[in-house]
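Reading through the structure tokens given below for one structure.
Just so it is clear, the values below take in all heavy atoms, side chains as well, and ignore hydrogens, waters and symmetry mates. Naming: A, B, ... by sequence-line order, numbering from 1 per chain.
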Protein chains: 2
Amino acid sequence: MRRTGSKPTIYDIARLSGASPSTVSAALNGSWKDRRIREETAQRIRDVAAAEGYSINMQARGLRKARSGLVGMILPAHDNRFFSSLSQHFTTEAWRRGLCPVIVSTRREPQEEVRSLESLLSYAIDSVFIAGATDPEALSRICHQVGLAHVFIDLPSMQSPSVVSDNAAGAAMLARKIIETMPAVDDPRRAKPYLLGGDPRLYASSRRIAAFREAVTEMRGHCDDDQVIACGYVPARAAEEMERLIDRIGGLPAGLFINSIPAFEGALSHLVLLPPAAFAQSVIGCYDYDPFGAFLQFPVYMVWQDSHALVQRAFALLDQGAKTPVLEMIPPVLVPPRTILPGTLSEQG
Amino acid sequence: MRRTGSKPTIYDIARLSGASPSTVSAALNGSWKDRRIREETAQRIRDVAAAEGYSINMQARGLRKARSGLVGMILPAHDNRFFSSLSQHFTTEAWRRGLCPVIVSTRREPQEEVRSLESLLSYAIDSVFIAGATDPEALSRICHQVGLAHVFIDLPSMQSPSVVSDNAAGAAMLARKIIETMPAVDDPRRAKPYLLGGDPRLYASSRRIAAFREAVTEMRGHCDDDQVIACGYVPARAAEEMERLIDRIGGLPAGLFINSIPAFEGALSHLVLLPPAAFAQSVIGCYDYDPFGAFLQFPVYMVWQDSHALVQRAFALLDQGAKTPVLEMIPPVLVPPRTILPGTLSEQG
DNA sequence: TTGAAAGCGCTAACAA
DNA sequence: TTGTTAGCGCTTTCAA
């Protein structure tokens, strides 16, 4: 008899159904068709299994087949609209394919990224999605070494299949819109558009910054170095830099391009100290979308990145067995002020 | 020689270091101390392992030890500030303890909750955290049946250890603040506070609704049934009901208690259509906190739930091996309008 | 202080 | 059409 409390195994089902373990295995995992097991035998076995509450032990199967059914995702952070949206679509899509998703967050630390990947390898993941990696090439190297299927998302690797949103196009759209809409201001220090936030060492940021510079140069003749304040992603830093800028140029600039939601949140903690009138002479845009961010006291242009499409394309690349370094671009969308995009927050709360 | 491309096993390390597999196993998993293996033998083995890039196969260990090192979390949704904050703290804390976190989201469907739990069981998870379950008792039963350690978060089970935020206290605080601050309004239909959103069948909602009713009754003498519009968590529904309410009572109510961020997002899509003056005669509060929600065109009182504490306490309950149904309460915090809480979004972007 | 060997639950040759 | 058996990589007695 089976040890009580523990789950039944195929040996239990074999005994109970009068079949052999291998027949049970085949009947239960679907391979009975080509193992030429009689329909009724298979059915009898399935009935017994159901009655006993059998469910397969994926560890054992994984060990035997050298495929775990686990798929990993490496993320910088979880509590960030963009990344949590990625992880949402990732888990949904993984389970939909019968895979079990495992997520690690690394707080943008290269060492942790490598450690995380190694942890995931211990669990014998079959493939991994790497989003927003600060050191893509290191991770890419490890994946190639151990022959692990992988795709980069958001921040690409030169050595691996990658899918990113089209940062250059998105940033150009936003910069142009800001410059077009900017009011004329007397003070020359405030008459220019500024960019706040992001890390120029990271691919996404550098693309956005370059696109901002280009748009400014094209539409305004030139772009000064002081117009780009790439102070990183930490809200507190963005808050400081926002304050410093306002002090330096004597008020809000005519145009402000904020690079990412965390930077925006930081800047906001200073912006809210300003009188409402301060915003009359200023146009603000943020690269990234937040439904509440769209309804602040002042209007904000936002850029929405299609995280669903990013994940879908990443899975598609894996499906087609991509190994060579391709770079897929997903176009982002410019969202006018005071607009709620449908279905951005979970429809199910 | 080892098959190229595949990871080295303890047998490879054994051969290379001239020790036996069992000695290697002990040297590498820390049990060498009480297996009385010589310090230098252990060191030699570890050196070889490091040189070969050995990392343990958790599937094999799990199979042998009947402990996988996996810990599961079941969530209704991922792209929701509260739940994504829970999952963030969960993954962080799990990895910190050397456990591998696996998250499933169920879209508030009882069937999916059961299916998800069974999937996790196939992966031989050692324990599971169940957050926001619509049918806690069904899940509780399964866990007890298979002897799986588990804790409920946010929505409790009567049969299992649970940790929830103190919905009654939080809702009472918010309701009282709204009622105290509410302006006097001539139209009697608009002079009362209303509650919008939430599902009265769910524990958290029902507690909040009851607390709202109590506070209203206590401070205003009575609470009419039409003051509670528990229309669920879907933004679109909340938008409809917001519009209907405004039509019915001829404008914004003097006090509006919005139950949850998704309901708020829905309501917002209608609120933004109103002229700014409409908000002068109204006080709005939302149960749940969002940093951008705190800076809308109108002031909003918000309630912050301590998701970090929820997760910590849940792990603590597991640690102490709790099996009996205890219910722990974590107090939430009332956040005044236009306030950014530190560290709510990821400090690291 | 170390090694040999059995076995965790499953799959896949190979036999029958 | 089904059964027997070896083995995935690890841990853990038991023996040496």
Checklist entry - C/dC8 P sits how many Å from A/K7 NZ, rounded? => result 16 Å

Next on the checklist: Strictly by ring pair (Phe, Tyr, Trp, His ring centres under 6.0 Å), give each pair with a member in residues 24-61 of chain A just once, sequence neighbours left out.
Outcome noted: none

Next on the checklist: Run the ring-ring contact (aromatic ring centres under 6.0 Å, His included) test against A/Y203 and tell me which residues pass, sequence neighbours left out.
Outcome noted: none

Item to check | Contact list for DNA chain C against residues 40-48 of chain B - heavy-atom distance below 4.0 Å | outcome: B/T41

Item to check | Sequence neighbours excluded, every pair satisfying ring pair (Phe, Tyr, Trp, His ring centres under 6.0 Å) that has a member inside residues 125-146 of chain B | outcome: B/F90-B/F129, B/F129-B/F315, B/H144-B/H150

Checklist outcome for this item: Taking for B/A19 and for B/K65 the nucleotide of DNA chain C with the nearest heavy atom, the one nearer the 5' end belongs to B/A19

Checklist outcome for this item: Computed from five pairs at either end and rounded to 10 degrees, the angle between the axes of the helix from C/dT1-D/dA16 to C/dA16-D/dT1 is 40°

Next on the checklist: Whole angstroms only, please: what is the CD1-C1' distance between B/I10 and C/dA5?
Outcome noted: 13 Å

Pull out every protein N or O sitting under 3.5 Å from an N or O of nucleotides 4-7 of chain D, one pair per line with the distance.
| residue | atom | partner | partner atom | Å |
| --- | --- | --- | --- | --- |
| D/dT4 | O4 | A/S22 | OG | 3.0 |
| D/dG7 | N2 | A/R64 | NH1 | 3.1 |

Checklist entry - Quick one: side chain to side chain contact (heavy atoms under 4.5 Å, CB included) partners of A/S31, sequence neighbours excluded? => result A/A26, A/N29, A/D34, A/R35

Checklist outcome for this item: Residues at least two apart in sequence or cross-chain that pass ring-ring contact (aromatic ring centres under 6.0 Å, His included) with A/Y123, listed by chain then number, are none

Next on the checklist: Strictly by side chain to side chain donor-acceptor pair (under 3.5 Å), give each pair with a member in residues 313-330 of chain A just once, sequence neighbours left out.
Outcome noted: A/R97-A/D319, A/R313-A/E328

Next on the checklist: Could you work out, with side chain to side chain contact (heavy atoms under 4.5 Å, CB included) as the rule, every residue matching A/Q59, not counting sequence neighbours?
Outcome noted: A/N57, B/S68, B/A124

Checklist entry - For A/R64, what residues pass the side chain to side chain donor-acceptor pair (under 3.5 Å) criterion, not counting sequence neighbours? => result none

Checklist entry - Can you tell me if the side-chain N/O atoms of A/S25 get under 4.0 Å from OP1 or OP2 in C/dT11? => result yes

Item to check | Within residues 54-63 of chain B: residues closer than 4.0 Å to DNA chain D (heavy atoms) | outcome: B/Y54, B/I56, B/N57, B/A60, B/R61

Next on the checklist: Can you see if the side chain of B/N29 gets near the phosphate of D/dT11 - specifically, an N or O under 4.0 Å from OP1 or OP2?
Outcome noted: yes

